[in-house]
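So that the names make sense, note that chain A is the first sequence line, chain B the second, and so on, each numbered from 1. Since the model is a prediction, treat every value here as computed from it, not as a measurement.
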Amino acid sequence: MADPANDFIKDYQALAQQSWDAWTRQFQPPSAANPFASSPAPAAGNDTLERTLAGLKGYFDWMQAAASGGAAQPATGWRQQLQQMFGGASQPFTQAFGGIDSAAAEGFARQWQAWMQAARHSGFADLAGVQGPTPAFGLNREQQMQQQALAIALMASIQAIARYQELIQRANTQGMQRLQDKLAEPGRQVDSLKVLYDLWVDASEEAYAEIALSDEFRDVYGEMADTQMRVRQLQQQQTEQMCQQLGMPTRSEVSSLGERLQALRREFHASRQSGASADHADEIMALRGELAALKRQLASGRIAASAPKKSTPAKSVAAAKKVPAKATRKPTAAPAPSPRKRK
Amino acid sequence: MQTPLRIDPARALADIATFQHKLAAGMGNLRSMREPEYANTPRELVYSEDKLKVWHFTGHGKPTAKTPLLIVYALVNTVWMTDLQTDRSMVRNLLEQGEDVYLIDWGYPDGADRWLTLDDYINGYLDRCVDAVRARHDLDAISLLGICQGGAFSLCYTALHPDKVKNLITMVTPVDFHTPDNMLSHWCRRMDVDLFVDTMGNIPAGLMNYVYLTLKPLRLTQQKYIDMVDILDKPAELENFLRMERWIFDSPDQAGEAFRQFIKDFYQGNKLVEGTLQIGGQNVDLGMITQPVLNIFAEQDHLVPPDAARALGKYVGTTDYTQLAFKGGHIGIYVSSRAQREVPPAIHQWLHQRD
């Protein structure tokens, strides 16, 4: 039997979705398939828009799902109603993490995902070493060993990511529980989707923060970072070998040059500084000499005071003051600074 | 039990329709918006080295302060948070108070800067910047205002070169990195930082931003953009929003070696308060700081928890220590309207009493 109210909601949602899609298309950067197409995006930058769109899309999808799945249903109990509104594919917490994975961690997460996809497409079972290391021999022994190490590192990384995602999911579940607790507070009433959404954000962030500050999260986070770095390091190693075979400079070589250059710059600054210090030492020595001369003159002046006057001490002081201290500076060899150890 | 959910389906549809309407109407505004400019308070370049620049801000009148103030910003993000927009500019506000303001702009490190250490930054760059300002004013010592990581640098610098610093101000500066609410510190405690830096070289800004977003993933990647829809039809507010987005995401990479040392010694080892920190082979003893110290922190700071900053009072050797707790967050302390009213005047008053 037809349900006019539900049909209306569905029709409206379809219309709203079309409108949303148009907005999204309008602001999306040109596709990779047509790199010469002019960008319709404003000068404010595509990156901002990508993030904006990711956030808005999550909310928009949730509002639609909530309107049909929760708010439009006859009340069967508000907790069940809440589950309907925050369950399923429109779950905004997952989308929030999806958004930062794809947009903000440019050059890292995206690159990482590309490698993971490539590995998946080629079939993990085909990767040498994925079932455990096996002895390698022959001309390509080193390459085989490296392949095995990469496969093992990839698997370790996948497992670490899975553990991380479990914790994110736990934060999501506990966030829902906290939301229910907040709604169960005496006198609490929610009459709009936005108010409900904001309350859910508060509850979810609280749950996430508690988990993120746990020892378990700290360990999993460290493991995830370390395993990803291990994969990346092995990838770089293989890329470098390829570059060497092609006679191209490698990152290690460039980095080594940079390290030597920086060491030279430190030596340069240190020798300039010690040169300046030596200048000061000369200046102090010269001033001490002047002071001693003045004292001598003063002393002789006292003696002379009892004798017939020949010169005035004041004139001598003034004359001594005119001695340009810097004229006495001598260039000195700078001591070689001790090499610093890299930590 | 009475249901707390009183969402009328018609009201829900109306909410969606309103959201749609605002999106559609805001499309034109967003499309016509140019890249928002920072405040660009007039300034002159007084010293430069590699990618680093020292700017001297020029106000309308002659500064009344006798001692110049050098702002030492963090290596993460850009220095323009201090001069974000004309009506929300800390440097402009300080100039109006009568301060003579200098600012170190660290620039954007690239591969050539991969091997810069904390010693290079603190005993090298920072020391030469201080010398440049001292020479311009023919002074033995100047005032430092260190912000966030730049505050930690300023503390190290003051402990190592006490004769060159007259007054020290720290803003949202982490000192004790092991307070229980420090999420960043907690996350990196088990990371193999050597593996991280050896693999990555310089640390990409995008990766840093990713980590900051995951401190509050829902608020920072979704909720704030949803709230933005409400200002799509308000060009001035939208421009402010986009300017802040520009500042947040236009950030420099981190020089690998300095990053390695900062994470290991500060975040993991907590050596600044343990008294075991060494910069360039010299011990950094906060007890050596006997200059007047003003420590300003934000009570709702999710990056540098208040207790992490508040700890400073226990470790500095000065008898002239002042603490200012600001009601706001890590960014609000520079750009909120409350901050404009409270922070620069407090800094000026404190400095004026010690000028």
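Taking A/Arg230, A/Glu223, A/Gln262 one by one and counting their heavy-atom pairs under 4.5 Å with chain B, the maximum is reached by A/Gln262. Note on B/His302, B/Lys216, B/Arg189: by heavy-atom pairs under 4.5 Å with chain A, the leading option is B/Lys216. Options B/Arg190, B/Arg11, B/Met208, B/Lys224 differ in how many heavy-atom pairs under 4.5 Å they form with chain A, and the most are formed by B/Arg190. Options B/Met191, B/Arg6, B/Met183, B/His186 differ in how many heavy-atom pairs under 4.5 Å they form with chain A, and the most are formed by B/His186. Ranked by heavy-atom pairs under 4.5 Å with chain B, the list A/Gln189, A/Lys194, A/Met224 is led by A/Gln189.
Neither the backbone nor the side chain of B/Asn29 comes within contact range of chain A; no heavy atom of the residue lies under 4.5 Å from a heavy atom of that chain. Contacts of B/Val229 with chain A are made by side-chain atoms alone, with heavy-atom separations under 4.5 Å and no backbone atom involved. Looking at B/Asn182, only its backbone comes within 4.5 Å of chain A, counting heavy atoms on both sides. With a threshold of 4.5 angstrom between heavy atoms, A/Leu257 does not approach chain B through any atom at all. Within the 4.5 angstrom heavy-atom criterion, atoms from both the backbone and the side chain of A/Ala209 approach chain B. Contacts between B/Ile248 and chain A at a heavy-atom distance below 4.5 Å are absent for every atom of the residue. With a 4.5 angstrom heavy-atom cutoff, B/Glu239 does not touch chain A via any of its atoms. For chain B, the nearby parts of A/Ala212 are the backbone and the side chain; heavy atoms of each come within less than 4.5 Å. Residue contact with chain B, scored on non-hydrogen atoms closer than 4.5 Å, involves the backbone and the side chain of A/Gln233 alike. A/Leu261 does not touch chain B: none of its heavy atoms, backbone or side chain, sits under 4.5 Å away.
Not one N or O on the side chain of A/Glu206 forms a donor-acceptor pair closer than 3.5 Å with the backbone of A/Arg178. Although no hydrogens or angles enter the test, the distance criterion places no donor-acceptor pair under 3.5 Å between the side chain of A/Ser255 and the main chain of A/Arg251. Side-chain atoms of A/Glu240 come within 3.5 Å of backbone N or O of A/Ser252 as a donor-acceptor pair. Remark: the backbone N or O of B/Pro4 is not paired with any side-chain donor or acceptor of A/Arg188 at under 3.5 angstrom. Judged purely by atom type and a 3.5 angstrom limit, B/Ser185 uses its side chain to pair as donor or acceptor with the backbone of B/Phe177.
Listed by chain and residue number, B/Asp131 satisfy the side chain to side chain donor-acceptor pair (under 3.5 Å) test with B/Arg134 (two or more places apart in sequence, or in another chain). For B/His161, the ring pair (Phe, Tyr, Trp, His ring centres under 6.0 Å) partners at least two apart in sequence or on another chain are B/Tyr157.
Not less than 6.0 angstrom separates the ring centroid of B/Tyr38 from the ring centroid of B/Trp247.
If you check the side chains of B/Asp119 and B/Asn123, you find a donor sitting under 3.5 Å from an acceptor.
Using the six-membered ring where Trp is involved, A/Tyr197 and A/Tyr59 have ring planes that are perpendicular, over 60° apart on the 30 and 60° scheme.
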